[in-house]
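Taking it in order: structure first as structure tokens, then the write-up.
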Protein chains: 2
Amino acid sequence: MKNKSDIPDCIINCGVEYAFKRIGGKYKARILWHLGMKNVLRYGELSRTLPDITTKMLTQTLRDLEEDKLIVRKMYHEVPPKVEYSLSDTGKELIPFIEHLHLWGKKQLETESLVK
Amino acid sequence: MKNKSDIPDCIINCGVEYAFKRIGGKYKARILWHLGMKNVLRYGELSRTLPDITTKMLTQTLRDLEEDKLIVRKMYHEVPPKVEYSLSDTGKELIPFIEHLHLWGKKQLETESLVK
DNA sequence: TATCTTACATACCAAAAAGTATGTATTATT
DNA sequence: AATAATACATACTTTTTGGTATGTAAGATA
């Protein structure tokens with residue numbers, strides 16, 4: 001997107017689509033949520049927190065989130081490598097709403113369990 | 001999912017993932033948002049509201065949302081067929097949060113436009 | 001009779017997202 | 001010398017999601 005005129009009307013009129021482009025996918029919102037819970041997490045900690053993620057996807061998703069300015073990556077020049085991830089200010093804006101989603105999701109799970 | 005014990009710990013502890021399974025994908029949240037705006041929409045109206053969607057995906061997405069009890073489908077026994085879609089009570093619970101997402105997305109678009 | 005309307009079905013294809021397996025760099029530790 | 005630690009890279013494969021093209025039913029309309 002070079003400028004606003006390149007943006008189709010439905011994007012201008014539908015921030016939902018755009019927002020989902022930024023935080024959609026299997027892992028992004030979960031990573032943001034965990035960073036919201038813990039403030040700072042290292043690569044290995046994230047890996048252990050999301051046991052179903054592969055290193056390929058963890059790396060790729062963190063890179064996407066960093067490029068989208070939702071998280072900040074801080075590298076310490078050490079061996080072995082030490083890298084910390086935390087939410088950016090923009091990323092923090094999403095937390096109340098990911099929290100809401102989390103609560104809704106949990107409630108739905110409980111409802112499903114009761115019904116079944 | 002037969003019962004709660006079948007649910008992996010990370011699901012219990014991460015409603016975000018579950019919620020995204022329910023409303024993730026290219027079209028679901030947008031359909032919910034438009035139904036939130038208009039209350040009731042017919043198949044053709046939804047198709048025109050989301051010009052980039054194919055009939056295959058519109059049908060499939062509406063079916064998924066109905067099976068997940070986020071929307072309600074009302075069929076009038078007429079020819080040509082007339083079918084109306086609206087939000088269920090559960091679906092309505094998501095609207096404040098999709099609205100929030102929409103506003104955040106629009107703001108991000110504006111920010112991007114100004115930066116560029 | 002031919003065409004239109006609406007809401008789909010469906011088989012096959014394409015693109016995107018995610019996964020697998022193997023590998024690297026460099027200091028620290030055993 | 002061998003192994004460990006951490007955070008990745010990368011080529012190829014598989015899975016998932018979405019798209020294309022063609023088609024249907026039945027009453028209404030021209």
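Computation of the quantities below employed the complete heavy-atom set of this structure, encompassing side-chain atoms and omitting hydrogens, waters and symmetry-equivalent molecules. Only a predicted model underlies this, so the values are computations on that prediction, with no experimental measurement involved.
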Is there a chain of hydrophobic side chains (I, L, V, M, F, W, Y, each step under 4.5 Å between heavy atoms) that links [X] to [Y]?
| X | Y | answer |
| --- | --- | --- |
| A:L103 | A:L94 | no |
| B:I95 | B:I23 | yes |
| A:M37 | A:V40 | no |
| B:V72 | B:L58 | no |

Checking the side chain of A:E45 only, and the main-chain atoms of A:R42 only, is there a donor and an acceptor separated by less than 3.5 Å?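 Looks like yes, one N/O pair under 3.5 Å.
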Run the ring pair (Phe, Tyr, Trp, His ring centres under 6.0 Å) check on A:F20 and B:Y27 step by step: do they pass?
CA-CA 10 Å; A:F20 263 76; B:Y27 299 108; over 10 Å; no
Next on the checklist: Contact list please: residues 76-87 of chain A against DNA chain C, heavy atoms, distance less than 4.0 Å, in numerical order.
Outcome noted: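 Hits under 4.0 Å, by residue number: A:V79.
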Strand contacts (DNA chain C) in residues 57-67 of chain A, 4.0 angstrom heavy-atom criterion =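 Contacting residues: A:M57.
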**Request:** Can you run down the salt bridge (charged side-chain N to carboxylate O under 4.0 Å, His left out) pairs that involve residues 68-81 of chain A, sequence neighbours left out, and say none if there aren't any?
**Result:**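 Pairs touching residues 68-81 of chain A that pass the test: A:R22-A:D68.
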Whole-Å distance separating the CD atom of B:E17 from the C1' atom of C:dA18: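 So the two atoms are 14 Å apart, to the nearest Å.
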**Study point:** Atom-to-atom span, CZ of A:F20 to P of D:dG18 - whole angstrom
**Key:**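 Going from CZ in A:F20 over to P in D:dG18 covers 12 Å.
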Terminal axes of the helix from C:dT1-D:dA30 to C:dT30-D:dA1 (five pairs each): angle between them, nearest 10 degrees =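 The value is 20°.
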Run the side-chain contact (heavy atoms from CB on, under 4.5 Å) test against [X] and tell me which residues pass, sequence neighbours left out.
| X | value |
| --- | --- |
| B:V79 | none |
| B:T55 | B:Y43 |
| A:T90 | A:L70, A:S88, A:E93, B:W104, B:Q108 |

- Query: Who passes side-chain hydrogen bond (donor to acceptor under 3.5 Å, both in side chains) against B:Q60, sequence neighbours left out?
  - Reply: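 B:K56.
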- Does a salt bridge link A:K21 with A:D64, judged by any charged N lying under 4.0 Å from a carboxylate O?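 No, A:K21 and A:D64 are not salt-bridged.
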Exercise. Which part of the nucleic acid, if any, lies within reach of A:K56 when heavy atoms closer than 4.0 Å are counted: base, sugar-phosphate only, or nothing?
Worked result: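 Contact class for A:K56: base.
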- Pairs satisfying ring pair (Phe, Tyr, Trp, His ring centres under 6.0 Å), at least one member in residues 71-99 of chain B, at least two apart: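 Residue pairs passing ring pair (Phe, Tyr, Trp, His ring centres under 6.0 Å), neighbours aside: A:F97-B:F97, A:H100-B:F97.
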Does anything in residues 35-45 of chain B come within less than 4.0 Å of DNA chain D? Heavy atoms only, and list the residues if so.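 Residues of residues 35-45 of chain B that come under 4.0 Å of DNA chain D do not exist, since none gets that close.
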>> Check the phosphate of C:dG19 against A:K26, side-chain N and O only, distance under 4.0 Å to OP1 or OP2. Yes or no?
In response: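 For C:dG19, OP1/OP2 do have a side-chain N/O of A:K26 under 4.0 Å.
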A:R48 side chain near D:dT6 phosphate (N/O to OP1/OP2, under 4.0 Å):
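Answer is no, no contact under 4.0 Å.
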